[in-house]
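Just so it is clear: chains get the letters A, B, ... in the order the sequence lines come, proteins before strands, and each one is counted from 1. Only heavy atoms go into these numbers, but all of them, side chains included; no hydrogens, no water, no symmetry mates.
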Amino acid sequence: MHSINVHNTLTGKKEPFVPLNGNKVMMYACGPTVYDMSHLGHARMTMVYDVVQRYLRFSGYDVTYVRNITDVDDKIINRAKALGKTPEQVAREYTYTFWHDMHCLNVQPPDYEPKATEFIELMIQFTKELIEKGHAYESAGDVYFDVASFKEYGKLGKKSLEDLLVGARDQVRSQEDLADKKKSPADFALWKSAKEGELAWSSPWGQGRPGWHLECSTMTKHVLGETFDIHAGGEDLVFPHHENEIAQSEALHGKPMSKYWLHNSFVQVNSEKMSKSEGNFSTIQELLAKFSPDTIRLFALQTHYRNPIEFSIEALTASRTALGRILRAAAFAVNSQNGKSFETTGQALLEQTKNQISKATAESLDPVKDETTKQFRAAFIEAMDNDFNTAVAISQLFALADKVFVEKDEAKRQGYATVLVQFARLLGLTLVDTRKQIDSHTVEQIVNLVVELRQNARSNKDYATSDLIRQRLTDAGVSLMDTAGQTTWEKA
RNA sequence: GGCGGCAUAGCCAAGUGGUAAGGCCGAGGUCUGCAAAACCUCUACCCCCAGUUCGAAUCUGGGUGCCGCCUCCA
């Protein structure tokens, strides 16, 4: 029924996508740690996997999409200290801003969005079982995973334990307090004891909190099962985060954690990774102040997800200009001049696809059904089937936009535009036309212009025009006040 | 140091054996009272050097440059 190929980090190859259980797809993406504003890098990650889950649904799969929120972590605790707030307040605050940002970017909410703090008991249980199985050990209130007990450790990150130990030397030196608590420098914490007054939960090993990697292992187990289809995240999570998840889950369950591992590349600034620690990030809210959600999405999706994006205002501006072409073409889907039948059917089609269409219905919902739309669909689907190549898919959108502009037959033109909108929405573009939305600063300049023209009229003793302007502005709610030498205005 | 990845036009960016998608910018033209939009035309010997092949941006080896991970990170 399909031929989607995905690049699997585990094998390093592109493979045919075949779910474990019929057409059900269990998919998990590592979400944010909520300790600060989300930036473009986070936006890329969420938009990429948003498109992946949309496309899988389009392709007929019954997708369960889970994206977690890490709401307990050292960074949150540190942030809370710096702000004089509780960690819970910080986590909640940035969870809300994350949701807000994602909503603005038209990222669909996941089917489940577990938070680490909701799974503490199960994480403790998970840890207990690992200890019982001999894969973990307690050490002075901490619990560590015994890396040596999992012979496949390093299979995702393509690292050998020997290499890691060599590379870990510096780290050992900087963590001398841990050196004698851990059997091996490569061992990682499942449970960390809490200092006095810190955020903590009680456990068989005393007051403490879970290690970062544990939450994903626990939450996927309980929401998706011991083995699921897709585990996704940023490429910086390959090692150690996902490696450690594999170690925990597979050591405990004795079966693969996830069949496919997808990792997206970064947003770079001047060829360097955009990150909090580099201080070179643009928050989503900063970008949304200057660029529309569709512009940001188009910008992100014009690059294949496994390649780095070179961020610059120039590049974003180029995407904004490019989006204008798509919007103008899409406008033909709803701005019918005289096609009455289209007004009803066309609008209805667009309503139906407000969220998205499916591959099965795409053809039947095609109002044109000619060679052009047929080829467009084939090319678009081929691109997306090839490891979600949104860059090529978008190039097809532009090609179809060209057809819209060139087509003379009004019904066909509207049909092409309708198909364009349908597929653009599959990529999460809203195609909401914001070109007529005017901000208050612009409005102010326009009113000032009108006032200026009225002044000219008065100077020419053209009081008819002058009075017309006053009346029309009054109708619009704007009062003009002529005083000696100048005219001011205010909105009632 | 170990592991992995990338080098394509002024810029962004697809393309994994058959002679370079797309977008932005730029030039000329059509249209237009002016402008915008739209349309037409033009703009790349794919980092370097060897090799494999009838044929390579695409495969192999070497070189150069850049980046990521190995510590929190989407």
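- Counted by atom type alone, Ser249(A) and Ser217(A) present one or more donor-acceptor pairs between their side chains at under 3.5 Å.
- For Phe126(A), the ring-ring contact (aromatic ring centres under 6.0 Å, His included) partners two or more places apart in sequence, or in a different chain, are His253(A).
- Projected onto RNA chain B by closest heavy-atom contact, Gly324(A) and Ser275(A) fall at different nucleotides, the more 5' of which corresponds to Gly324(A).
- Rounded to whole Å, atom P of G4(B) lies 20 Å from atom NE2 of His242(A).
- In this structure, Lys403(A) places its NZ atom 14 Å from C1' of C39(B), rounding to the nearest Å.
- Between Arg328(A) and A38(B) there is a side-chain polar atom (N or O) within less than 4.0 angstrom of OP1 or OP2.
- Separating the NE2 atom of His7(A) from the P atom of G4(B) is a distance of 13 Å, rounded to the nearest angstrom.
- As the counterpart of U52(B), no nucleotide is assigned, since no Watson-Crick or G-U wobble pattern has both distances under 3.5 Å.
- For G23(B), the OP1/OP2 oxygens have a side-chain nitrogen or oxygen of Arg325(A) closer than 4.0 Å.
- Rounding to whole angstrom units, CE of residue Met274(A) and C1' of A74(B) are separated by 11 Å.
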List the protein contact pattern of nucleotides 10-20 of chain B with one symbol per nucleotide (5' to 3'): B for base contact, S for sugar-phosphate-only contact, - for none; contact means a heavy-atom distance under 4.0 Å. --SSSS-----
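- Using a cut-off of 4.0 Å between Lys/Arg side-chain N and Asp/Glu carboxylate O, Arg320(A) and Asp294(A) are scored as not salt-bridged.
- One C1' atom belongs to G18(B), the other to A37(B), and the distance between them is 40 Å to the nearest Å.
- Rounding to whole angstrom units, CD of residue Glu245(A) and P of A74(B) are separated by 13 Å.
- Regarding Leu301(A), its CG atom lies at a distance of 19 Å from the P atom of G22(B), rounded to whole Å.
- Within the shown strands, G63(B) is the pairing partner of C47(B) under the Watson-Crick or G-U definition, both distances less than 3.5 Å.
- Phosphate proximity of C69(B) to Lys273(A): present, with a side-chain N or O under 4.0 Å from OP1 or OP2.
- The nucleotide A57(B) finds no pairing partner, because no Watson-Crick or G-U wobble arrangement with both distances shorter than 3.5 Å includes it.
- In this structure, Phe423(A) atom CZ and G22(B) atom C1' are separated by 18 Å, rounded to whole Å.
- With Glu118(A) contributing its side chain and Lys115(A) its backbone, the two residues share a donor-acceptor pair below 3.5 Å.
- Between G29(B) and C46(B), the distance separating the two P atoms is 32 Å to the nearest Å.
- For the residue pair Asp73(A)/Thr33(A), the side-chain donor-acceptor check at 3.5 Å is not satisfied.
- G51(B) and U8(B) have their P atoms separated by 25 Å, with the value rounded to a whole Å.
- Across the P atoms, C47(B) and A38(B) are found 33 Å apart, a figure rounded to whole Å.
- Along RNA chain B, the nucleotide nearest Tyr35(A) and the nucleotide nearest Phe398(A) are compared for position; the residue whose nucleotide lies closer to the 5' end is Phe398(A).
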